[in-house]
Structure formats: C-alpha cells, structure tokens
Amino acid sequence: MSSRALALAAVVVVCVICGAGYVTVAALTADGTTSDAQPRLVLDSDGAAALAPGSELLVRAVDYDNPRLNGRLFTLTLAAGQQPRTAGDLACERVHENAAGAGLCLAAKRHGFDYEGVVYGAGRRPLHRFSIPGVPDRARVSPDSRYAGFTAFLSGHTYSAGVRSFSTHTAIVDMRAGKPLFNLDELEVTRDGEPFERADANFWGVAFTDGDHFYATLGSGRNHYLLEARVSTRRARVIGEHIECPSPSPDSTRIAYKRRIGKQDRWRLHVLDLRSGRDVPLSERRSIDDQPEWLDNDTIVYSDDRNVYAVPADGSGRPHRIVARASSPVALR
Amino acid sequence: MYQAERSGAMVRAPPAAAGARQRGARVSRNVVVLGTVSLLTDVSSEMVAAILPIYLVFALGASPLQFGIVDGIYQGVSALVRLASGFLADRWRRHKEVAAVGYGLSAACKAGLVGISGSVAAIGGIVLVDRTGKGIRTAPRDALIALSSAPSALATAFGVHRAMDTAGAMLGPLVAFGLLLIAPARFDAIFVVSLCFAVLGLAVLLLFANGRPRERAEALDGDEAAASSTTARPTLREAAALFAEPRFRTLVVAAGILAIATISDGFVYLGLQRILGFSLTAFPLLFVGSAAVYMALAIPIGRLADRVGRRLVFVVGYALLLPVYAVLLLPSAGIPGLVLALCALGAYYAATDGVLQAIASGLLPDNLRASGLALLVTATSLAKLASSVAFGLIWTLGGLEVAAAGFTVALVVALLAATMILARSPEVAS
C-alpha cells in the first residue's frame, strides 16, 4: 500500500512540476517579443498589377504560428515594389471600415477565451468595446459611420448528430453609443406584403447602402433569402432567394454575394444586376465562404481565409491572388 | 468528501452477506477511487472541450461548421465501441484493464494535442480517438462500481461516483479559463495541464482501483464454486440473450420509452433563452446551474433510491421533467421559472442517470454486467438521439410551444407506460 502511495506521490510531483513549470513559462512569454517579427503577408504584385493597380487595401494578417501577429492590420497599395504597412495596434478576426475611417474590428479578448467588438475612429484608435456572444464572422460599417452590423457564430449549438445546425447572432451596432442597438431577430419581415415568420430563422451578412438601409441574409432550413431592411423602422422585405452575404457595389446597381451549391457547405461567388435581374457567376471556381468586397465598380476582392484574391465583377477573366497570408480585405476609397 | 470505508472491509466481506445492510449507507473504497479517476479525467477532458471550438476557429482558422461535423461523426462510433468494450471486459474478466485502455487513450490524445500543431484534420482525429476512449471506459467502469458495491447500496455508490464525475466536469472549464487569464491565448499550456490531469487519473486507476472486487471476496471466503459460477466467461450468444431475460428487457423498454419523451438539455437551454430573452453570454451558466444541482443531489438521491426503491425514484426523476416542460410552455414564469427549471433538470439527472445503472446492475449477472450496462446505455442514448431529431423538426415546423406541448403529452404517456411495465417485474434478481 505504501509503495503505491509513494508511486502516486511521485506521479503527482512530476505532474505538478511539469504543469506548473510549463504554465509559468507560458505566462512569462505570452507577451513575448515576437511582436517585432516581420509580417509574412506579401503583396503579389503580378496579381495586383493585373487588376485595379494603385488601389488601397486594408487586410488582417493570417499567421497562426505567431499569435502576436495573427489578426494585425496592414494597408497595401496594389502596385509593384510596395510593402505592407502596419495599420494600428488592433488584432482582428474580421474587420471593416468606411471611407471616413470609422471601423468595426471583431477581436478575441486579451485572454483569448471570448470575443469583443471594437468600434474605432481615425488612426484606428479604439473608441468603444462590447462583448460578442460567439465566434466573429462578418462585419460592415455604414457609409455615414452611424451604424455597423456584425455576425457571430454561436458555439456549442450543434445539438445532435444527423441534424447539423448552426445558429448565428447578427446585430446592428450604434457606432456613437458603441454598443449593439438591436438583434436582427427583432426585424418585422414581410414577403409580398405578407408577414414572413420562420421559427428557425437565422440572420447573417449585413451590408449597408446608406445610413439607414441595409441588406442581409435570412436563412431558414435549406432556404436563404435576401432581405432589404431599414434601421429606423426595423422592418425588412424579402427581395430575393439563394443569396448569402450580400455586398452592394459602389454605384449601388449590383450585389455581389455567395450562392450555395447543392446541399453541402460549398459556395460560388456571383454578381446580381439589380435593374436587369441578370445574374453571373464569377470566374473563381473554388468554393468561397466570404462576404465579397468591391475594390471598385469592376473588381471584387475576397479571401479563402489564407490569401486575398481579386476577380472581375462581370464573370470574365480569372481570379488573381493579390495578397498572400491575409484575409478580411477592405477597399480604402 | 463522502466517507470512504477504510481498510477494504468491503472487499473482504461478501457483499450480499447479512452485514451489508448496516454497511449499505457506506460506499466501498473502490467506488471513491473510481470517482476520483473520473473527477481527474473530467477536469482534463472538459478543460479541453471548453476551449476546443475557440481553439479550432481562433488558432487554426477552421469554420464552426467543420467542428460540427467532427462532433457529429462521434455518436455512431461511440455506440459500437461501448458495446464491444463492455462485452470484451466481461469476456476477458478484465474490467479494470479495459477501462484503463479507455483512460489511457484519452491521456495519449492530450499528449497528441501538445505535440501536434496547425492541422484541423489532425485535431478532428484526436477528438475522435479521445471520445472513443470515453466509449471504451464507461461500461467496464460502471460494472466495476457495481461489482464493488453491496446490492443494497448500488444507487448510493453510483450517486457518489456521479457527484465526483460532475464536480470534475464543472472544474475543468474553470481551470481552463483561469489558465487563459494567466497566459493569454496559450492553448498549449491548457493542453499540458490537461495531460497532467489525465495522467493523474490514469495513475490513480492503475495504482488504487481493485479490478476484481467480487472475485477476490469470494475466493477469500473460500467459496470456490460460487466464484467460478459468477465468473464464467460469457459468450456473445449469452450477451445477446440478455434481451431475452424478462426483467432486463422490461427495464430497457421502460428506460427507452422515457428517453424518447425527453427534450435534450441543449434544446431546453435554447428554449429558455428564447422565452426569457436573457443574454446569450449567460448560456454556459445554465449548464453550470443544473450541473451544480446534479452534483449536490446525486448522493442524497442515490441513498433515497436505495431506501425507498430505485424504480420509484427513477420514474419520479422523469416526472421532474414536467415542471421543466411547463416553464417552456409558460413564458410568464420569468426568472423564478428559470431557476425552477434548472433545479428540476439537475434533480432529474441525479434521480435517473446513476439510478438507472444501479437498477440494471441489480438485475444483471456478474459475468455480463458490463455488456448489459453498455446495451442499456446504447439503447437509451439512441432513443434520446431520436427524440432530439424529432424535437428539432417539430420546433422548426410548428414552433417551440407546439414541440413542448407535444413532448409534455408524450412524457405523461411514457410515465404511465413505464410505471405499468416496471410495476409488473420485481426489482432485484432472485
């Protein structure tokens, strides 16, 4: 008996020393010096030169090996010989900002256990912070800096095998107050004038056209509807189907979006002309899970969570990689 | 801590002997050892489970959907593994060793998490192996608990084990959270500490658990004939014939009927959130609330079950789901309703989970105990899976009220049916 107690004591001592030692070292090096490391994201100047040369882009670095660098923001000029420039101290999982420099950064909290939204202003300095109940997915700021919208995945909501479901939390943020104004669950949705209620409705992918109107996706079962909504009235209309993560063009005539292919979680990027109703798939043939961004009226940028690509908005040409090891591209106009 | 019996008196005395009744209130040292093993292992696995979604998405760039797929594959594998390990433990008469393989696999997985970096597929594989380990160890461990306990104190023994197990499940996320506060975003530190807890659990099992409590008791008693009859190596046919045994079959049927009328706690929590409209950030608190009640009541309810009858407590436990369903149907219940629902849910777990294993252990022959327990758990978990799918469908098509009302009716019918079925068969094997 005593030899067993001795053996257990030995295991306990080894475990405590190893565990406590490792944690101590981890705690001491958690704020280590790797912040000075060079970003590994690189401008692909051939790709950049082929499409929209000279444009300005904001991206977040994708660098899983270096927690101090992952998510940090950089700006780039899409031209040969240009280097990425550090853009503030924020580290974001998803970021968006408007022409006035007002932005929303969805970030992991310092301890990495939880997420928060950071409203920022000029110089990408944080102004307000609020908690996000899930994993950041999409972010969009209105052109007049009044509102923003964000989507988070609620973790731990997979209830049983066979029924693969997910739940999203999408809210409109009051940028001045620096906190969420309302959840899209509260929207009064109609279709052809009739109330449109779905018990399993999920919302995601907000994108503003002005300081009041915005587009969003309503998912119910296997169907995905395009909503046109207003912040002031909190009402929404269903104006299309099979459209996810809408993104209006700068001239407001078209919507870029991702369209689900089959039953799997695979998407193809499309552009819908709102006046003619003409819908074209883009020349990117891989599945892309992103809310597309308009670089200008002719070019779409997006990421595959590893690199940033650009593709013509009319379905012609081919996709070009423009930044390696970056995601969440935002056109700076 | 619950009072453990010192000096292994339980081990030496034949549990069914006359002295067992006085000792019925106590619990064998082996049960406390196994409870400690579960506590340490649950701290280890729950601290990883708590951060795994965020680790996958934040550090590895996986989508939450990918994680859902990993989660989904597990169910079928687990059921098969559980049946096989239960039978093999009986066949080889090596409950402790088979359980140790399960605990060892999980510990090895924690080492794997420390060692590898950067691949979602590898993490998915490790999660799968980890949960296979859980599937392997459950049935032989529960069989060991039963073999170590006097028939009159089975529910108390399972209550002690489940209370310790739940304590570990609650501590795990707290440990993980504390570590992330000390060393922000250092998931590797969490994996190392998790490995330490897993190794400690395995060490306690290997060093202190008695793998053949019943056999040794009988051998020491000099009753060779009894020892050989209860330890005959079972065949697959004998294991399958368990279903032909009327008392065990009735129990499986009754438990299955009740399980089909059960709304899974995930849906209960989501329903409460929808109705009462509290912040989604408070979601994990719901789990903590009902787990705390479960932990506090597991032992007292186990003792009560041993005293007044396990089947009575088991059926009343399922009746405790009625107030939970009622709160889902009555939005005006508000915060008092929420508290009532969480308490009732915790008490339901305390009165049904370990108690069901105790009832079954009382019916099963020693040499087929792990096989029988595995069969029972697999049957009830398949029934619960079916009910989850049904509840999700009805909620989607008709709304939460319709689904909750339908399940309330189903539960009332199931309670009546189960009561009638169970009332017709004696509680303990003659």
Side-chain angles (χ1 to χ4, degrees), chain A residues 4-5 7-8 10-12 14-16 18-20 22-31 62 64-65 67 70 93 108-115 131-137 153-167 169 198-200 220-221 265 289 305-306 327, chain B residues 50-51 53-54 57-61 63-69 71-76 117-118 176-177 179-189 192-193 195-197 199-200 203-204 207-208 264 266-267 270 279-281 283-284 384-385 388-389 391-393 395-400:
Chain A
R4 287 179 180 184
L8 181 69
V11 176
V12 169
V14 170
C15 282
V16 168
C18 290
Y22 196 93
V23 170
T24 309
V25 172
L28 293 176
T29 57
D31 283 321
V62 174
Y64 296 122
D65 299 332
N70 195 42
E93 296 302 297
K109 285 185 181 171
R110 208 183 90 82
H111 47 69
F113 204 82
D114 213 346
Y115 294 98
S131 283
I132 294 178
V135 181
D137 187 42
F153 275 107
L154 301 179
S155 41
H157 280 198
T158 307
Y159 290 114
S160 53
V163 189
R164 196 155 50 81
S165 62
F166 66 93
S167 182
H169 174 97
R198 292 289 182 274
D200 66 339
S220 167
D265 293 315
D289 180 11
D305 295 324
R306 289 281 186 276
S327 70
Chain B
I51 56 113
I54 245 172
V57 178
F58 170 71
L60 298 182
S63 76
L65 291 176
Q66 280 176 303
F67 182 72
I69 295 170
D71 223 35
I73 301 169
Y74 155 67
Q75 298 278 350
S117 68
F177 187 72
L179 285 174
L180 281 178
L181 283 178
I182 300 172
R186 288 299 296 266
F187 296 102
D188 50 341
V192 168
V193 174
L195 173 63
C196 292
F197 275 105
V199 168
L200 280 177
V204 171
L207 291 171
F208 293 101
S264 85
F267 277 125
L270 191 68
S279 153
L280 283 161
T281 328
F283 221 81
K384 283 182 178 170
L385 184 63
S388 280
V389 173
F391 189 86
L393 266 177
W395 185 343
T396 306
L397 297 176
L400 176 60

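The figures here come from the full heavy-atom set of this structure, side chains too, leaving out hydrogens, waters and symmetry mates. So you know, we letter chains A, B, ... as the sequences are listed, proteins then strands, and number each from 1.
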Worksheet item: Can you say whether B/Leu207 sits under 4.5 Å from chain A via the side chain, the backbone, both, or neither, judging by heavy atoms?
Response: both

Worksheet item: Which heavy-atom pair separates B/Arg186 from A/Tyr22 by the least distance, and what is that distance?
Response: NH2-OH, 4.4 Å

Practice prompt. Check B/Cys196 against A/Cys15 and note the closest heavy-atom contact, atom names and distance.
Written response: SG-O, 3.4 Å

Item to complete: Name all residues meeting the side chain to side chain contact (heavy atoms under 4.5 Å, CB included) criterion together with A/Val12; count only those two or more places apart in sequence or in a different chain, and write none if there are none.
Response: A/Leu8, A/Val16, B/Leu200

